[in-house]
Amino acid sequence: MSYTVNEIYNMALSLCDYYDDKGTFETSPIIKALKNKTPYLCDIAQRDLIYGQGITKTETRIYSPKMAIAKTSDGYYLYKLPDDFITLIRVIDSENTKPMPYICENYIFIFGDKDKELTLLYKSSPAKITDMTSSFSLCDNIIGGLLPYYLAANFLAEENPIKSSLYIGLYEKAKQNCLILNTLSEIELIDDSY
């Protein structure tokens with residue numbers, strides 16, 4: 001199940017106790033204003049979480065000097081990286097090109113006049129959240145466990161700063177726990193050869 005913005009919004013309203021006498025959510029102008037800014041807040045939070053959680057992609061491409069944007073005076077050719085590129089994890093080069101390609105911002109620099117096939121493993125940016133029906137790009141456990149607190153903290157910032165601080169603290173603590181778990185999951189075991 002992939003959460004939608006509307007589902008996270010309803011969870012956040014529950015945390016804020018925005019119920020009317022009938023047990024349904026209030027429909028005041030304030031609630032309508034909160035609903036209008038919810039997609040924007042969710043997009044910000046998802047981009048904040050992406051650096052810890054990450055969406056990894058692999059792209060294999062032949063880099064040909066004919067397709068380069070420019071050539072440097074020291075023999076490197078400049079190529080544009082994918083639009084959703086955030087940060088490089090690894091370059092897999094089947095030909096063991098020397099010197100290794102390097103990355104600067106959203107460009108890759110590759111030395112030499114020959115075509116080179118490289119595979120890039122990189123973290124990519126999530127799909128933009130634009131409305132209440134948008135789905136999230138990250139894991140449901142993280143979205144369902146963290147985003148309601150983030151939204152509730154933003155909703156209550158002026159009305160109840162103490163409760164808002166509590167929720168932002170819970171969000172930050174849970175986010176740190178996710179980062180720790182994600183870091184631990186990336187550790188590779190080494191075989192004991194002795």
Side-chain angles (χ1 to χ4, degrees), residues 1-59 80-89 103-107 120-183 185-186:
M1 175 193 153
S2 183
Y3 286 109
T4 64
V5 172
N6 196 58
E7 291 168 319
I8 299 300
Y9 167 76
N10 288 333
M11 289 182 211
L13 290 182
S14 295
L15 290 169
C16 297
D17 296 326
Y18 286 140
Y19 290 106
D20 60 18
D21 297 336
K22 298 174 188 166
T24 58
F25 293 121
E26 294 178 15
T27 56
S28 68
I30 293 171
I31 300 299
K32 288 179 183 173
L34 295 177
K35 189 171 188 172
N36 288 338
K37 69 179 186 177
T38 295
Y40 172 75
L41 290 171
C42 285
D43 191 57
I44 290 172
Q46 180 176 243
R47 291 177 190 286
D48 179 42
L49 293 170
I50 195 73
Y51 291 102
Q53 173 66 16
I55 299 172
T56 55
K57 286 190 175 177
T58 305
E59 179 185 86
K80 177 103 172 73
L81 290 168
D83 291 336
D84 62 349
F85 176 86
I86 292 179
T87 185
L88 182 70
I89 297 171
I103 304 279
C104 182
E105 294 184 20
N106 286 346
Y107 299 96
L120 303 178
L121 179 63
Y122 64 95
K123 285 191 178 183
S124 67
S125 59
K128 186 162 179 61
I129 293 179
T130 56
D131 57 36
M132 296 298 283
T133 60
S134 296
S135 294
F136 294 91
S137 301
L138 293 172
C139 167
D140 283 348
N141 293 337
I142 290 175
I143 294 299
L146 276 81
L147 252 58
Y149 293 107
Y150 178 83
L151 281 181
N154 280 281
F155 291 171
L156 294 169
E158 292 179 24
E159 179 186 330
N160 189 341
I162 294 171
K163 200 171 186 181
S164 176
S165 294
L166 170 71
Y167 287 152
I168 204 68
L170 289 171
Y171 167 78
E172 290 295 335
K173 179 134 175 95
K175 184 172 86 170
Q176 289 304 316
N177 289 341
C178 287
L179 290 173
I180 290 168
L181 290 174
N182 194 39
T183 302
S185 68
E186 292 178 3

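Every value quoted in this text rests on a predicted model; they were computed, and no experiment measured them.
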Spacing of [X] atom [atom1] and [Y] atom [atom2] [to the nearest 0.5 Å]:
X: Asp83; Y: Ser124; atom1: CG; atom2: OG; value: 11.5 Å
X: Asp84; Y: Lys123; atom1: CG; atom2: NZ; value: 13.5 Å
X: Asn10; Y: Met132; atom1: CG; atom2: CE; value: 7.0 Å
X: Thr38; Y: Leu13; atom1: OG1; atom2: CG; value: 7.5 Å
X: Tyr167; Y: Leu156; atom1: OH; atom2: CG; value: 7.0 Å
X: Tyr9; Y: Phe155; atom1: OH; atom2: CZ; value: 6.0 Å

Closest heavy-atom pair and its distance - [X], [Y]:
X: Leu151; Y: Ala12; answer: CB-CB, 3.5 Å
X: Lys163; Y: Leu15; answer: NZ-O, 3.3 Å
X: Met11; Y: Pro148; answer: SD-CG, 3.5 Å
X: Arg47; Y: Ala127; answer: NH2-C, 4.4 Å

After noting the C-alpha distance and the side-chain angles of Leu34 and Tyr18, does the key distance pass the side-chain contact (heavy atoms from CB on, under 4.5 Å) rule? CA-CA 11 Å; Leu34 295 177; Tyr18 286 140; 3.8 Å; yes
Would a 4.5 Å heavy-atom cut-off, applied to side chains only, mark Lys35 and Asn6 as touching?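 Side-chain contact under 4.5 Å: yes.
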Is the shortest side-chain heavy-atom distance between Ile103 and Phe85 below 4.5 Å?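 Side chain of Ile103 against side chain of Phe85, heavy atoms only: contact under 4.5 Å found.
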Under a 3.5 Å distance rule, please check whether [X] uses its side chain to pair with a backbone N or O of [Y] as donor and acceptor.
X: Ser164; Y: Asn160; answer: no
X: Glu7; Y: Thr4; answer: yes
X: Gln46; Y: Leu147; answer: no
X: Asp43; Y: Ile129; answer: yes

Heavy atoms from other residues, nucleotides or ligands near CG of Leu121 exceed 12 (cutoff 6.0 Å):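 Correct, the count exceeds 12.
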Answer yes or no: are there more than 12 heavy-atom neighbours, outside Lys80 itself, under 6.0 Å from its atom NZ?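 Atom NZ in Lys80 is crowded, with more than 12 foreign heavy atoms closer than 6.0 Å.
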Mutual orientation of the aromatic rings belonging to Tyr171 and Tyr150 [parallel < 30°, tilted 30-60°, perpendicular > 60°]: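 Answer is tilted, since the angle falls between 30° and 60°.
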Flag for Thr133-Asp131: side-chain donor and acceptor within less than 3.5 Å: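 Side-chain D/A pair, Asp131 to Thr133: present.
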Evaluate ring-ring contact (aromatic ring centres under 6.0 Å, His included) for Phe136 paired with Tyr3, printing each intermediate quantity in order. CA-CA 6 Å; Phe136 294 91; Tyr3 286 109; 7.7 Å; no
